[in-house]
Each structure stands twice: as C-alpha cells, then as structure tokens.
Amino acid sequence: MTASVARVLLVVGGLAPGVQAQQVLEIDYSAGRVIIDDQWRAMRPTDLAIDRDRGVLYVIDREEPEGVMAFSFETGEWLRTLQAPTGEGPYEFPQGIKGMAVTPTGHLYVSGIQRVLEYDPGGTPVATWRPPKGR
C-alpha cells in the first residue's frame with residue numbers, strides 16, 4: 001500500500017448481473033477524508049454498496065453498529081448515517097444488519113434476518129417488510 005492510495009479488493013462475484021468478479025476501490029488520501037483505514041475492520045462484499053449515479057458509498061461499519069454510514073464516493077466525506085437499530089420495531093432489526101443493495105433509482109435496501117428496510121435516496125426509511133416464511 002502506498003502513502004497516497006489504499007487498494008481494497010472487493011470480491012463481488014455472483015452478487016449482481018454485469019458485475020465483474022473483482023473490483024478495486026482506490027482511495028486517494030490527498031483528495032479528502034479517509035473512509036476506512038483499519039486492518040482490523042474485515043468487510044464482506046455485503047458490507048458495501050455503491051450508488052454510482054449519486055456518488056454515494058454505503059458502508060456497514062463497526063463504528064456505527066446500528067446504522068449504515070453514507071460517504072461521498074468522490075471525496076470520502078461523511079454524508080449521513082441511516083439508522084437501523086437492533087430491536088423488534090418496524091424499522092429495527094432483531095438480530096442486526098446482514099447486507100444491503102442499491103437500486104437504479106437510488107433506493108437502499110438493508111436486510112437482516114427476516115426483515116428488509118427500504119430507504120429513499122435521501123436516507124429516509126420508506127418501507128419495511130418480512131419475507132414470507134419458507135423462502
């Protein structure tokens with residue numbers, strides 16, 4: 001790793017049609033805020049989602065265990081934190097966050113065990129549901 005660029009290898013094979021088997025995310029430290037720079041923060045492919053059209057990088061991070069952090073993809077600047085607390089309420093996860101995905105319209109789907117939350121492009125929760133049992 002050089003002083004100015006960190007390379008994070010994202011293995012995203014099989015996650016979405018048209019996505020290459022591997023992608024490299026380069027973070028230029030001189031351009032803005034460091035997003036994640038800690039060797040102890042192991043990330044799975046489901047811990048990151050990129051909204052390329054709006055330039056937002058969503059991250060499930062141990063720093064905010066009950067939410068999803070949104071950063072500017074261009075500068076690394078923190079934009080907002082989408083709340084997704086642990087609990088039994090309609091916009092809560094009984095067993096924590098397990099993954100997420102961005103739609104072409106900019107909506108973010110965050111999933112847990114037996115619950116999905118939908119956020120609009122501004123980070124406001126707009127829907128929640130439980131997948132049918134047996135699927």
N/O donor-acceptor pair under 3.5 Å between Arg54 side chain and Thr105 backbone: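 Checking the backbone N and O of Thr105 against the side chain of Arg54, a donor-acceptor pair under 3.5 Å is found.
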
Show the nearest heavy-atom pair for residues [X] and [Y], with the distance to one decimal.
X: Thr86; Y: Pro94; result: CG2-O, 3.7 Å
X: Leu117; Y: Ala84; result: CD1-CB, 4.3 Å
X: Leu108; Y: Ala49; result: CD1-CB, 4.3 Å
X: Gly112; Y: Lys98; result: CA-CG, 3.8 Å
X: Pro104; Y: Asp53; result: O-OD2, 4.0 Å

Do [X] and [Y] make a side-chain contact, defined as non-hydrogen atoms from C-beta onward lying under 4.5 Å apart?
X: Pro90; Y: Thr128; answer: yes
X: His107; Y: Val102; answer: no
X: Leu82; Y: Val110; answer: no
X: Thr81; Y: Gln83; answer: yes

Over 12 foreign heavy atoms within 6.0 Å of CD, Glu66: yes

Test of understanding: clusters of I, L, V, M, F, W, Y form through side-chain heavy atoms closer than 4.5 Å, transitively. Do [X] and [Y] belong to the same one?
X: Ile50; Y: Trp78; answer: yes
X: Val116; Y: Leu48; answer: no
X: Leu57; Y: Tyr109; answer: no

Working to the nearest 0.5 angstrom, can you tell me the gap between [X] [atom1] and [Y] [atom2]?
X: Tyr119; Y: Met100; atom1: OH; atom2: CE; answer: 10.5 Å
X: Phe71; Y: Glu77; atom1: CZ; atom2: CD; answer: 10.5 Å
X: Tyr91; Y: Arg115; atom1: OH; atom2: CZ; answer: 10.5 Å

